[in-house]
Amino acid sequence: MVQEDDSTKPLKEGELRVQIKAVGLNFADIFAAMGLYSATPKGTFTPGLEFSGTILEVHPSAASAAAAKGTWVPRAGCEVMGVTRFGGYTTVLNVP
């Protein structure tokens, strides 16, 4: 593994930006790092399937879509947890 500085990408429509506080470590992550997991992305990738943290930023379309559906409206400062298709082992993560 190599630590890299990957500047945070701008939020896309419907995304949240989460400051990662904790991650899960499981066999899929270990197998992916060893090249033994069939679902491992090709080339360079960031492992990590599970994460928790604090919302830093919410794209306006994400908040308005949630409000229109009558579901929980994400806001900066809310604590969240989630799963992703790799990429969780980072300090900041954009998630749909």
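This one's a predicted model, so the numbers in the text were calculated from it and none came from an experiment.
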With clusters defined by side-chain heavy atoms of hydrophobic residues (ILVMFWY) lying less than 4.5 Å apart, directly or transitively, does Ile55 cluster with Leu11?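 Per the 4.5 Å side-chain linkage, Leu11 and Ile55 are not co-clustered.
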
Joint cluster assignment, Val73 & Met81, ILVMFWY side-chain distance < 4.5 Å: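 Different clusters.
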
Got a second to check how far Ile20's CD1 is from Leu93's CG, nearest 0.5 Å?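 Rounded to the nearest 0.5 Å, the CD1-CG separation comes to 5.0 Å.
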
Do Leu16 and His59 have side chains that approach each other closer than 4.5 Å (heavy atoms only, starting at C-beta)?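 No, too far: nothing below the 4.5 Å cut-off.
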
Hydrophobic clusters here meaning ILVMFWY residues chained together by side-chain heavy-atom distances under 4.5 Å, can you tell me if Leu56 and Tyr89 are in one?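 Each belongs to a different hydrophobic cluster.
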
For Arg17, run the side chain to side chain contact (heavy atoms under 4.5 Å, CB included) check against Thr54, Val58, Val92 and tell me which one passes.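 One option only clears the test, and that one is Val92.
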
In Å, rounded to the nearest 0.5 Å, how long is the span from OG of Ser52 to NZ of Lys21?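 Here the interatomic distance stands at 9.5 Å.
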
If I compare all heavy atoms of Pro47 with all of Phe86, which pair ends up nearest, and what's the gap?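 Shortest heavy-atom contact: CA-CD2, 4.0 Å.
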
How long is the span from the CD atom in Glu15 to the CG atom in Asn94, to the nearest 0.5 Å?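 It comes to 5.0 Å.
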
Close side-chain approach of Val95 and Phe51, heavy atoms under 4.5 Å: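 Touching, per the 4.5 Å side-chain cut-off.
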
For the backbone of Leu49 and the side chain of Thr84, can you confirm whether one donor and one acceptor N or O come within less than 3.5 Å of each other?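 Here the side-chain-to-backbone pair does not exist.
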
Could you tell me if the side chain of Glu50 sits less than 4.5 Å from the side chain of Asn26, heavy atoms only?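 When only atoms from C-beta onward are counted, Glu50 and Asn26 do touch, with a gap below 4.5 Å.
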
How many angstroms lie between atom CH2 of Trp72 and atom SG of Cys78, to the nearest 0.5 angstrom?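 That separation rounds to 5.0 Å.
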
After noting the C-alpha distance and the side-chain angles of Thr40 and Phe45, does the key distance pass the side chain to side chain contact (heavy atoms under 4.5 Å, CB included) rule? CA-CA 8 Å; Thr40 303; Phe45 71 98; 3.5 Å; yes

Check the pair Asp29 / Tyr37 against side-chain hydrogen bond (donor to acceptor under 3.5 Å, both in side chains), numbers first and verdict last. CA-CA 8 Å; Asp29 296 310; Tyr37 187 54; over 6 Å; no

